[in-house]
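Heads up, the thing below is written out as structure tokens.
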Amino acid sequence: MSYITKNISRYIKNKGFNLSKISRETDIPYSALQASLYSNERNRSLRDDELVKLCIFLNVDPRQFADKDELESGAQKRR
């Protein structure tokens, strides 16, 4: 599971969001949300379109869930 998926999972759990409501409002299947955000056995990372839909629903910038060290190392590689 990606660190972004882990971070958004932690955020959703801490804020107490309901997965059924998220599923209905984002059109992301409940089973996909469950597998990505709550199931340690499935180890499924969010897909890019799911991440964008979740961030729109949560009204947060997706970069909030990125690891700062990873962002900085990626920027240095592009220079």
Tell me every residue that passes salt bridge (charged side-chain N to carboxylate O under 4.0 Å, His left out) with Asp61, counting only those two or more places apart in sequence or in another chain. Arg63
Measuring from atom CG of Asp49 to atom CG of Leu54, what distance do you get when rounded to the nearest 0.5 angstrom? 9.5 Å
Same apolar cluster (I L V M F W Y, side chains within < 4.5 Å links), Met1/Ile28: no
Which word best sums up how the rings of Tyr11 and Phe17 line up, parallel for under 30°, tilted for 30 to 60°, or perpendicular for over 60°? parallel
What's the shortest heavy-atom distance between Arg44 and Ala32, and which atoms? NH1-O, 3.4 Å
Might you point out which heavy atoms bring Ser23 and Tyr30 nearest each other, and give the distance in Å? OG-N, 3.2 Å
Ile8 vs Ser36, test: side chain to side chain contact (heavy atoms under 4.5 Å, CB included). Steps then yes/no. CA-CA 10 Å; Ile8 199 166; Ser36 294; over 6 Å; no
Cluster partners of Ile56, using ILVMFWY side-chain heavy atoms under 4.5 angstrom, listed by chain and number? Val52
Closest heavy-atom pair, Lys53 versus Asp27, reported as atoms and distance to 0.1 Å, is NZ-O, 4.3 Å
Nearest 0.5 angstrom please: Arg24 CZ to Phe57 CZ, how far? 9.0 Å
Nearest heavy-atom neighbours spanning Leu19 and Leu33: O-CD1, 3.8 Å
Applying side chain to side chain contact (heavy atoms under 4.5 Å, CB included), run through Lys13 and Tyr38 and close with a yes or a no. CA-CA 9 Å; Lys13 289 175 186 175; Tyr38 282 85; 3.5 Å; yes
Does any N or O in the side chain of Ser2 come within less than 3.5 Å of the main-chain N or O of Ser45, such that one atom is a donor and the other an acceptor? no
Reported CD1-to-NZ distance for the pair Ile12 and Lys15, which is rounded to 0.5 angstrom: 11.5 Å
Before you tell me yes or no, could you show the steps for Leu46 and Leu37 under side chain to side chain contact (heavy atoms under 4.5 Å, CB included), namely the whole-Å CA-CA distance, both residues' side-chain angles and the distance that decides it to 0.1 Å? CA-CA 8 Å; Leu46 289 166; Leu37 303 175; 4.2 Å; yes
